[in-house]
Protein chains: 4
Amino acid sequence: MASQVPKAGRPRSEPARRAVLTACGELLQQGGLRAATTDRIAALSGVSKATIYKWWPNKYAVALEAFLSQMNAESPDPDTGSAAEDFRLTVRGTARFYASPIGRIFAQLLAEAQSDPTEASDLIGRLVTSRRGVVRAIWDRGVLRGELRDDVDPDVALDLFFGPLVYRMLAGHAPLDERAADEVVRVALTGLNRTNRNKT
Amino acid sequence: MASQVPKAGRPRSEPARRAVLTACGELLQQGGLRAATTDRIAALSGVSKATIYKWWPNKYAVALEAFLSQMNAESPDPDTGSAAEDFRLTVRGTARFYASPIGRIFAQLLAEAQSDPTEASDLIGRLVTSRRGVVRAIWDRGVLRGELRDDVDPDVALDLFFGPLVYRMLAGHAPLDERAADEVVRVALTGLNRTNRNKT
Amino acid sequence: MASQVPKAGRPRSEPARRAVLTACGELLQQGGLRAATTDRIAALSGVSKATIYKWWPNKYAVALEAFLSQMNAESPDPDTGSAAEDFRLTVRGTARFYASPIGRIFAQLLAEAQSDPTEASDLIGRLVTSRRGVVRAIWDRGVLRGELRDDVDPDVALDLFFGPLVYRMLAGHAPLDERAADEVVRVALTGLNRTNRNKT
Amino acid sequence: MASQVPKAGRPRSEPARRAVLTACGELLQQGGLRAATTDRIAALSGVSKATIYKWWPNKYAVALEAFLSQMNAESPDPDTGSAAEDFRLTVRGTARFYASPIGRIFAQLLAEAQSDPTEASDLIGRLVTSRRGVVRAIWDRGVLRGELRDDVDPDVALDLFFGPLVYRMLAGHAPLDERAADEVVRVALTGLNRTNRNKT
DNA sequence: ATATAACCGAGACGGTACGTCCCGTCTTCCA
DNA sequence: TGGAAGACGGGACGTACCGTCTCGGTTATAT
């Protein structure tokens with residue numbers, strides 16, 4: 001009932017919107033964020049620059065949306081009954097995503113946001129927070145089931161799993177494969193202290 | 001005994017080198033990486049653009065070196081006899097650094113490297129690896145003293161401490177203060193599993 | 001009927017074009033070709049460098065066009081009925097032009113073309129050939145009327161009049177005033193041989 | 001007896017001087033004046049830039065001297081007893097020279113002088129005036145022998161021969177070969193008026 | 001023979017202009 | 001009114017050449 005306002009004149013062209021996102025996505029995959037210049041997006045999509053800037057505030061917003069529309073069904077949302085197993089599956093999936101070509105684009109978007117505080121928060125909000133809800137649910141279930149500690153800040157807990165992945169994606173100082181993901185989960189759960197000797 | 005070669009010709013001007021780094025550092029602090037344009041660095045330092053490009057391949061290399069020369073004595077290197085305590089101090093220091101204005105620049109440099117694979121690896125190497133040696137020593141001491149597990153990949157261990165900090169610095173989804181640092185250390189050491197109930 | 005094509009998109013800005021030429025002409029008059037740098041033209045005209053380079057291949061093309069637009073109505077095109085008189089008037093006018101400040105710019109453009117064969121031919125074509133038609137007509141009329149010889153290569157004939165002027169403009173080894181112009185015409189018509197003693 | 005001052009210290013290195021001129025000449029022939037940059041001259045000759053600038057005020061002075069040292073024995077100085085014949089030979093030689101690759105360099109030097117009035121006069125003086133004496137002698141002999149008119153400004157007379165050559169060299173609007181040279185001489189001597197019908 | 005002054009190579013430096021690239025805004029005409 | 005086409009101002013980039021400068025080392029002459 002909100003958008004029931006009749007809106008005089010010609011409505012926004014949905015094909016144009018899709019063409020922009022498709023073209024941008026293609027350019028992102030081929031040459032990363034740097035290759036996705038507005039001119040090129042316009043040329044490839046057949047949509048004029050003016051139209052692009054009419055619907056997105058700047059080219060990063062376009063890239064962000066193009067990126068999000070590509071990682072739609074990527075992320076797993078497991079519920080095996082074991083928090084440890086759920087985390088293992090999720091962290092593995094995230095690692096795979098970060099290591100993929102699309103993950104590079106994620107890094108570049110995250111990077112770009114560092115210099116552009118205006119649009120950055122929204123960008124980060126949509127990129128990071130969206131995933132956050134899913135894994136938060138895993139955590140809560142684990143705590144409820146008595147598998148996980150209830151005296152830990154959930155944000156810290158989740159960062160213990162995903163921080164290392166982000167770090168490796170950006171700095172590339174160590175591998176970002178399935179073994180690494182599993183090790184992160186194992187150690188995060190059991191702790192680094194020597195006395196904490198127990199099974200995952 | 002290596003650099004005893006007389007080196008023909010006028011030697012590189014040390015004042016010029018320093019002026020460039022100082023000027024760049026100033027611009028970085030004032031307006032971030034975006035404000036540190038080559039023209040402005042040249043104007044502020046009194047060093048010509050040609051000279052700058054003679055000694056640094058591009059402006060990010062200048063910014064990187066200016067940045068490194070500013071964080072010289074920043075980082076603590078504790079050895080209290082307790083690995084837990086050492087990590088707490090180090091992680092606290094790192095968190096403080098990341099949260100500071102200079103930390104923002106670190107983020108931007110890390111960011112820039114995402115799109116520039118050529119110079120990126122060196123950049124990351126100098127930014128990340130340099131710190132890594134110090135904390136690795138803490139880890140090794142802890143393992144030797146029997147405080148820490150010896151069945152854990154040290155890279156994973158260290159990432160468990162610093163990954164969350166990097167993540168928060170870049171994404172800003174959660175605070176990056178002393179409390180957060182302490183909580184990260186505490187949880188990383190003791191683990192997230194319920195059965196791991198013990199003091200740090 | 002040729003330019004009836006509607007031409008999509010925003011049309012080229014005529015004010016911008018004129019502003020560039022005006023600014024360039026001003027700079028040319030003040031400091032010669034050397035003073036007419038692209039940056040200064042851009043600054044003075046208010047037209048961006050990118051736009052300038054969009055419409056002219058380099059700054060000499062701009063200078064050439066600015067120069068041509070200034071010497072529009074300068075050149076006389078006499079038809080007195082006497083070829084001798086016509087040439088006298090034309091050569092006088094040309095000498096005056098060469099000796100003027102604008103003439104200096106002509107010299108510099110001609111000069112620049114010597115090192116730049118790519119754009120040079122067009123440059124010379126527009127600078128030299130354009131004038132050539134007018135004086136060629138004088139020659140042809142004179143031949144038709146029986147005043148001038150019909151066994152002489154017209155190109156040589158014209159060069160006999162104008163070559164000396166160009167030579168003096170560039171080398172400056174002798175004056176380039178009205179008397180010199182008249183003398184050139186007189187001698188070119190009557191020849192240097194002693195036996196050729198007759199009135200102009 | 002003027003330069004008998006003993007001059008303490010090491011004298012100027014003649015090999016260095018020659019190396020500079022040779023290197024510069026080579027570069028001039030290969031790529032014209034534009035290719036003869038000071039750095040390249042220094043590199044090719046093995047003489048340092050400082051030394052070059054110690055002995056020549058700027059690079060055009062070097063190019064000029066290198067050029068002059070190459071056109072030493074080029075120019076004919078005929079004395080056949082006939083002024084017409086002498087001029088024909090001289091003008092032919094000059095045309096050949098102007099049309100040659102070295103002639104291109106002459107054009108470029110002449111050109112460069114247009115924007116640099118400081119050093120220009122000397123440059124022109126040495127390039128143009130030096131040749132002028134030889135042909136002036138031909139003229140004077142012709143007048144004395146009664147072959148040529150004595151009521152003509154000699155400067156105008158000479159320019160009638162050489163002006164067209166310079167013009168064609170710079171503008172390239174017409175050929176610059178032996179036929180053209182001969183035609184210039186023929187017409188200059190006999191004049192363009194119809195009544196002046198006689199053999200050279 | 002030794003001092004000393006001028007030389008010379010190498011090459012770093014400040015300055016100035018170049019031409020290119022991309023961004024985000026604008027203007028014009030068409031559907 | 002939406003949109004395609006594309007021109008425009010702004011501003012940074014990295015390169016090239018000029019002419020000056022500072023090193024350390026060399027060489028001819030004057031004492």
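Numbers restart at 1 for each chain; the letters A, B, ... are given by sequence-line order, proteins then strands.
- Counting to the nearest Å, the C1' atom of F:dC13 and the CG atom of B:Leu33 are 14 Å from each other.
- Each of D:Arg12 and B:Gly46 was matched to the nucleotide of DNA chain E holding its nearest heavy atom; the match closer to the 5' end belongs to D:Arg12.
- Side chain of A:Asp39 to main chain of A:Ala42: no donor-acceptor pair is present (N/O by atom type, distance under 3.5 Å, no hydrogens or angles).
- Between C:Lys54 and B:Thr37, the residue anchored closer to the 5' end of DNA chain F is C:Lys54, taking for each the nucleotide with the nearest heavy atom.
- Taking only side-chain nitrogens and oxygens, C:Trp55 never comes nearer than 4.0 Å to OP1 or OP2 of F:dA7.
- D:Ile52 places its CD1 atom 13 Å from the P atom of F:dT20, with the value rounded to the nearest Å.
- Heavy-atom nearest nucleotides on DNA chain F were determined for B:Arg34 and for C:Ser48, and the one closer to the 5' end corresponds to C:Ser48.
- The distance from atom OG1 of B:Thr37 to atom CG of B:Leu44, rounded to the nearest 0.5 Å, is 10.0 Å.
- Whole-Å rounding puts the C:Trp56 CH2 to E:dT20 C1' distance at 18 Å.
- Listed for the C:Arg40 side chain is no donor-acceptor partner under 3.5 Å among the backbone atoms of C:Leu27.
- Judged by atom type and distance alone, A:Thr51 does not reach the base of F:dG3 through any side-chain donor-acceptor pair under 3.5 Å.
- A heavy atom closer than 4.0 Å to some atom of DNA chain F occurs in no member of residues 15-27 of chain C.
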Would you please test D:Leu64 and D:Trp56 for side-chain contact (heavy atoms from CB on, under 4.5 Å) and show each step? CA-CA 10 Å; D:Leu64 173 58; D:Trp56 290 275; over 6 Å; no
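- A cation-pi contact, defined as under 6.0 Å to the ring centre and within 45° of the axis, links C:Arg12 to C:Trp55.
- For the side chain to side chain donor-acceptor pair (under 3.5 Å) with A:Gln114, the qualifying choice from B:Gln114, B:Arg104, B:Gln108 is B:Arg104, the only one to do so.
- The phosphate of F:dA16 (OP1 or OP2) has no side-chain N or O of D:Arg40 nearer than 4.0 angstrom.
- Note that CZ of A:Phe106 and CG of A:Leu68 are 10.0 Å apart. Values are rounded to the nearest 0.5 Å.
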Take D:Arg18 and D:Glu65 through the test salt bridge (Lys or Arg N to Asp or Glu O under 4.0 Å) and record every step on the way to the result. CA-CA 11 Å; D:Arg18 255 199 300 268; D:Glu65 193 165 332; over 6 Å; no
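- Counting only heavy atoms from C-beta outward, the side chains of B:Ile52 and B:Val62 approach each other to under 4.5 Å.
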Listing time: all N or O pairs from protein to nucleotides 24-28 of chain E that are below 3.5 Å?
from, atom 1, to, atom 2, distance (Å)
E:dG24, OP2, A:Tyr53, OH, 2.6
E:dG24, N7, A:Lys49, NZ, 3.4
E:dG24, O6, A:Lys49, NZ, 2.7
E:dC26, O2, C:Arg10, NH1, 2.7
E:dT27, O4', C:Arg10, NE, 3.4

